[in-house]
Amino acid sequence: MTAHRCLFPALFVLTAALGACSSQNDTISTPVVRPPSVAPAGIYEGTWTSTATGDSTAVTAFLDSDETMMVFDADGALIASGVYATIEDARSISWTARVFEPVTSTDATTGETTTSTAITTLTAGGSYAEQASLLLTFTRSGGETGTLALNYDEAAYESRSDVSLIQGRWGMKDAYGAATISLNVDAGGGFSGSDENNCSYSGRFSIITQQYNLYGVTLTSSCPGDTSSSTTSGLATLKAATTTSAKTLISVSTAQKAAVLLKLKPL
């Protein structure tokens with residue numbers, strides 16, 4: 001588990017032939033028509049590249065139809081969240097976001113290391129191709145520039161979401177089989193749990209558009225020593241199992257001063 005704190009309605013077409021005094025058995029066809037997703041909503045995979053260093057980081061992006069855009073790397077060392085806007089005729093997109101990154105410092109006297117969260121902002125602009133790609137250039141508040149190149153992941157996004165698919169016990173185990181975090185998701189999408197540091201978690205997953213594999217999520221967390229709990233909101237998806245990995249419930253959520261990435265497996 002990686003945990004970093006740092007509508008369209010369904011359309012059903014039904015056809016049936018009815019005949020009085022007939023013994024004929026007619027086939028009833030009930031195709032489900034997938035409503036078009038609001039461009040550029042979707043799940044994307046790609047790279048975040050620094051102009052100054054040329055270093056590229058593999059990232060995933062979640063975009064919902066409510067103009068929320070969240071970008072994160074595999075272990076939560078980079079989480080960016082904000083609001084996008086588009087001009088449809090020009091296929092242009094802009095994005096303003098907060099960027100959350102861990103910063104480690106060492107006490108010169110004790111040698112003790114502590115990790116805090118550095119928060120910066122960025123503005124970005126570029127273009128999108130519907131259900132295909134996004135290409136943006138960004139400038140961060142510290143002056144750093146870079147590019148974000150993303151490709152639409154049809155298989156990841158264009159599958160149904162349902163609370164029943166994520167109901168149950170989720171978490172992650174260490175190398176010795178002990179759970180380092182455990183969450184129980186109920187039939188209504190509500191969840192609660194805790195981790196190995198005695199931090200507690202609660203919140204809810206909600207359906208956005210059932211034909212697409214993005215969920216809304218709110219998460220409240222509290223750890224020993226905290227003066228108050230922290231509530232974040234964001235997006236989640238259920239990543240399908242592969243030949244080498246079980247299915248994964250991925251949730252990324254942020255607030256003004258906090259970001260949380262959870263990557264959970266069935267327990």
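Since this is a predicted model, take the numbers as computed values, not measurements.
Separating the CE atom in Met69 from the OG atom in Ser81 is a distance of 10.0 Å, to the nearest 0.5 Å. The CG atom of Asn151 sits 13.5 Å away from atom CD of Gln131, with the distance rounded to the nearest 0.5 Å. Note that CG of Leu238 is 10.0 Å distant from OG of Ser161, once rounded to the nearest 0.5 Å.
Annotation: side chain of Tyr84 is in contact with side chain of Pro40 (closest heavy-atom distance under 4.5 Å). Using a 4.5 Å cut-off on side-chain heavy atoms (C-beta onward), Lys247 and Leu165 make no contact. Between Gln211 and Glu158 the shortest side-chain heavy-atom distance does not fall below 4.5 Å. Two residues are said to be in side-chain contact when any heavy atoms from C-beta on lie closer than 4.5 Å; Ser221 and Cys199 fail this criterion. Side-chain contact between Val99 and Leu78 is present, with at least one heavy-atom pair separated by less than 4.5 Å. At a threshold of 4.5 Å between non-hydrogen side-chain atoms, the residues Leu267 and Ser182 count as touching. Taking 4.5 Å as the limit, some side-chain heavy atom of Leu262 sits within range of a side-chain heavy atom of Val260. At least one side-chain heavy atom of Ile43 sits less than 4.5 Å from a side-chain heavy atom of Thr237.
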Checklist entry - Could you go step by step and tell me if Lys265 and Ser245 meet the side chain to side chain contact (heavy atoms under 4.5 Å, CB included) rule? => result CA-CA 9 Å; Lys265 305 285 188 182; Ser245 177; 2.5 Å; yes
Next on the checklist: Does Ile181 form a side chain to side chain contact (heavy atoms under 4.5 Å, CB included) with Glu196? I'd like the steps, not just the answer.
Outcome noted: CA-CA 6 Å; Ile181 186 171; Glu196 61 183 344; over 6 Å; no
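Residues Tyr215 and Val163 approach most closely at CE2-N, 4.4 Å, considering heavy atoms.
Relative ring orientation between Trp48 and Phe138 is described as tilted, the plane-to-plane angle lying within the 30° to 60° band. Relative ring orientation between Tyr44 and Tyr152 is described as perpendicular, the plane-to-plane angle rising above 60° on a 0-90° scale split at 30° and 60°.
Checking Thr114 against Ser105 by side-chain atom types alone, a donor-acceptor pair falls below 3.5 Å. Looking only at atom types and distance, the side chain of Thr47 has no donor-acceptor partner in the side chain of Ser56 under 3.5 Å away. Looking at Thr220 and Thr231, their side chains do bring a donor and an acceptor atom within 3.5 Å of each other. Looking only at atom types and distance, the side chain of Thr145 has a donor-acceptor partner in the side chain of Thr51 under 3.5 Å away. Checked by atom type, the side-chain pair Ser164/Asp162 shows a donor-acceptor distance below 3.5 Å.
For CD of Glu45, the number of neighbouring non-hydrogen atoms (other residues, nucleotides, ligands) closer than 6.0 Å is greater than 12.
Shown here are the salt bridge (charged side-chain N to carboxylate O under 4.0 Å, His left out) partners of Arg204, two or more places apart in sequence or in another chain: there are none. Residues forming a salt bridge (charged side-chain N to carboxylate O under 4.0 Å, His left out) with Asp55 (at least two apart in sequence, or on another chain): none.
Aromatic pair Phe191/Phe205: ring centres closer than 6.0 Å.
Between Glu101 and Arg140 a salt bridge is recorded (basic side-chain N to carboxylate O distance below 4.0 Å).
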